[in-house]
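Here the structure is laid out as structure tokens; the discussion comes afterwards.
In this text the structure is predicted, and so the values were computed from the model without any measurement.
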Amino acid sequence: QGRLVESGGGSVQAGGRLRLACAASGHMSAPYTMAWFRQAPGEEREGVACIFRDGNTLYTDDVRGRFTISQDNLENIVYLEMDSLRDEDTAMYYCAAASGQWSCLVAQARPKFGFWGQGTQVTVSS
């Protein structure tokens with residue numbers, strides 16, 4: 001059974017930066033799409049950034065220009081570099097994988113992400 005394990009969350013001042021990592025292990029077919037989602041208290045889970053096997057990326061408008069998703073295919077790790085963090089970035093961040101090419105920004109595609117990590121908390125304070 002494949003697993004995704006996130007790390008790198010924590011507390012940071014507004015304007016600061018964090019780097020999240022998602023390590024894939026176990027029996028998992030090479031995913032085509034890797035993505036980061038986040039969920040704030042009382043809010044729905046939303047797609048933040050996704051990266052496809054060909055290296056193309058998508059970002060939600062809120063984070064474009066501040067967050068960067070990247071992948072290390074040799075180590076099976078996906079990163080999310082977060083700069084210029086804002087209070088509203090506070091959320092639990094989840095890594096997810098899909099076997100096909102699916103946009104993480106489309107709610108209807110969420111069921112296509114068959115593997116999820118347990119999440120890592122990011123807290124941004126002013």
Side-chain angles (χ1 to χ4, degrees):
Q1 185 70 17
R3 293 182 64 219
L4 298 175
V5 179
E6 303 97 336
S7 61
S11 297
V12 66
Q13 294 284 321
R17 61 173 55 181
L18 283 173
R19 186 176 80 158
L20 307 183
C22 170
S25 63
H27 298 288
M28 182 187 302
S29 299
Y32 196 93
T33 307
M34 295 293 296
W36 286 96
F37 293 79
R38 66 185 179 187
Q39 187 167 18
E43 301 289 334
E44 291 189 1
R45 191 171 297 188
E46 63 171 349
V48 175
C50 32
I51 187 166
F52 305 108
R53 193 181 294 165
D54 61 6
N56 287 327
T57 57
L58 291 174
Y59 297 92
T60 190
D61 288 346
D62 284 351
V63 308
R64 189 176 296 112
R66 299 189 297 123
F67 291 10
T68 302
I69 188 170
S70 61
Q71 60 189 357
D72 181 335
N73 290 327
L74 290 179
E75 298 292 335
N76 290 327
I77 299 176
V78 175
Y79 299 98
L80 185 68
E81 300 269 1
M82 304 186 294
D83 291 323
S84 302
L85 282 162
R86 305 168 180 168
D87 292 0
E88 53 265 37
D89 294 319
T90 294
M92 184 72 79
Y93 282 72
Y94 298 91
C95 175
S99 58
Q101 183 172 351
W102 298 100
S103 171
C104 61
L105 307 183
V106 177
Q108 292 86 343
R110 202 155 302 152
K112 301 298 184 180
F113 289 84
F115 292 94
W116 291 83
Q118 293 299 306
T120 185
Q121 178 68 38
V122 171
T123 302
V124 184
S125 57
S126 299

Quiz prompt | Close side-chain approach of Thr90 to Gln121, heavy-atom, < 4.5 Å | solution = yes

Practice problem: Please confirm whether the backbone N or O of Phe52 pairs with a side-chain atom of Gln71, one donor and one acceptor, at under 3.5 Å? | Solution: yes

Quiz item: Hey, what's the ring geometry for Tyr94 with Trp116, parallel, tilted or perpendicular (30° and 60° as the breaks)?
Solution: perpendicular

Quiz item: So which heavy atom on Gly100 is nearest to which on Thr33, and how close?
Solution: O-OG1, 2.7 Å

Practice problem: Check the angle between the aromatic planes of Tyr93 and Phe67 and answer parallel, tilted or perpendicular using the 30° and 60° thresholds. | Solution: tilted

Quiz item: Is a side-chain N or O of Glu6 found less than 3.5 angstrom from the main chain of Cys95, in a donor-acceptor match?
Solution: yes

Quiz item: Do Met34 and Ile69 have side-chain heavy atoms sitting under 4.5 Å apart?
Solution: no

Quiz item: Does CD in Glu44 sit with more than 12 non-hydrogen atoms of other residues, nucleotides or ligands closer than 6.0 Å?
Solution: no

Quiz item: Out of curiosity, Asp87 CG to Gln13 CD, how far, rounded to the nearest 0.5 Å?
Solution: 9.5 Å

Quiz item: Any side-chain heavy atom of Thr68 sitting closer than 4.5 Å to one from Tyr59?
Solution: yes

Quiz item: Is the closest side-chain heavy-atom distance between Val63 and Arg38 below 4.5 Å?
Solution: yes

Quiz item: Should the heavy atoms of other residues, nucleotides or ligands under 6.0 Å from CD of Gln101 be counted, would the total exceed 12?
Solution: yes

Practice problem: State whether Asp89 and Arg86 are salt-bridged, where the test is any N-O pair (Lys NZ or Arg NE/NH1/NH2 against Asp/Glu carboxylate O) under 4.0 Å. | Solution: no

Self-check item: Side chain Ser84, main chain Arg66, donor-acceptor under 3.5 Å
Solution: no

Exercise. May I ask you to check whether over 12 heavy atoms, not counting those of Arg17, lie within 6.0 Å of atom CZ?
Key: no

